[in-house]
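The block underneath contains the structure these notes are about, expressed in structure tokens.
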Amino acid sequence: SEEEELRKESRKELEEVKKASFAERKAIKYDNWNLEGRIREFTSELPSAKAELKKEEEATPNVPTLKETLKSLKQKMNGSIDDLKDQRRAKEMFYEQNLSEAKSDLTKEMDVAKTVFEKNM
């Protein structure tokens, strides 16, 4: 009787363990199917993703090229701007020199005219 009770309890525990084990195996099997399905899905999407990535990689080199082009244009423009500044300075110096010479000539002419006028008076 006591032995039978222990056997019954033991069988119940064994059945519960078997049920839990079966449920666990069933859950693992469903998880495996789910993961296999996701693997198949990703595998089927892989070529299109690779193609898209390749397109992006091919498009990306244009950006550095544009940056390099802008830098070279800026350098060229800086050179032109510096040249224009130098030309302007040279013209200003030439103008100032001509202006001072013209003033000097005008002063000399005035002095000559003044001297002639004073002699005639």
Do any pairs count as a ring pair (Phe, Tyr, Trp, His ring centres under 6.0 Å) and have a residue in residues 66-116, sequence neighbours left out, and if so which ones?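 Counting only pairs at least two positions apart or across chains, no ring pair (Phe, Tyr, Trp, His ring centres under 6.0 Å) contact touches residues 66-116.
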
Between [atom1] on residue [X] and [atom2] on residue [Y], distance to nearest 0.5 Å:
X: Glu58; Y: Leu53; atom1: CD; atom2: CG; answer: 10.0 Å
X: Leu106; Y: Leu99; atom1: CG; atom2: CG; answer: 10.5 Å
X: Ser72; Y: Met77; atom1: OG; atom2: CE; answer: 11.5 Å
X: Leu70; Y: Glu68; atom1: CG; atom2: CD; answer: 10.5 Å

Ignoring hydrogens and angles, write down the donor-acceptor pairs under 3.5 Å from the side chains of residues 36-51, residues two or more places apart or on other chains.
| residue | atom | partner | partner atom | Å |
| --- | --- | --- | --- | --- |
| Thr43 | OG1 | Ile39 | O | 2.6 |
| Ser44 | OG | Arg40 | O | 3.4 |
| Ser44 | OG | Glu41 | O | 2.7 |
| Ser48 | OG | Glu45 | O | 2.9 |

Neighbour count above 12 (heavy atom, 6.0 Å) for Glu101 CD =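 Yes, the 6.0 Å shell around CD holds more than 12 heavy atoms from other groups.
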
### Residues forming a side-chain hydrogen bond (donor to acceptor under 3.5 Å, both in side chains) with Arg11, sequence neighbours excluded
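Testing Arg11 for side-chain hydrogen bond (donor to acceptor under 3.5 Å, both in side chains), a comparison that skips the adjacent residues, returns none.
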
What pairs of donor and acceptor atoms, side-chain ones from residues 110-118 against any protein atom, are under 3.5 angstrom apart with sequence neighbours left out?
| residue | atom | partner | partner atom | Å |
| --- | --- | --- | --- | --- |
| Thr115 | OG1 | Asp111 | O | 2.7 |

Side chain proximity check, Glu3 to Arg7, heavy atoms < 4.5 angstrom: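 Answer yes - side chains close enough.
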
Output side-chain donor-acceptor pairs under 3.5 Å for residues 86-93, partner residues at least two apart or in another chain, one line each.
| residue | atom | partner | partner atom | Å |
| --- | --- | --- | --- | --- |
| Asp86 | OD1 | Arg89 | NH1 | 2.8 |
| Arg88 | NE | Glu92 | OE2 | 3.2 |

Anything under 3.5 Å between a donor and an acceptor, one on a side chain of residues 12-22, the other on a protein residue two or more places apart or in another chain? List them.
none

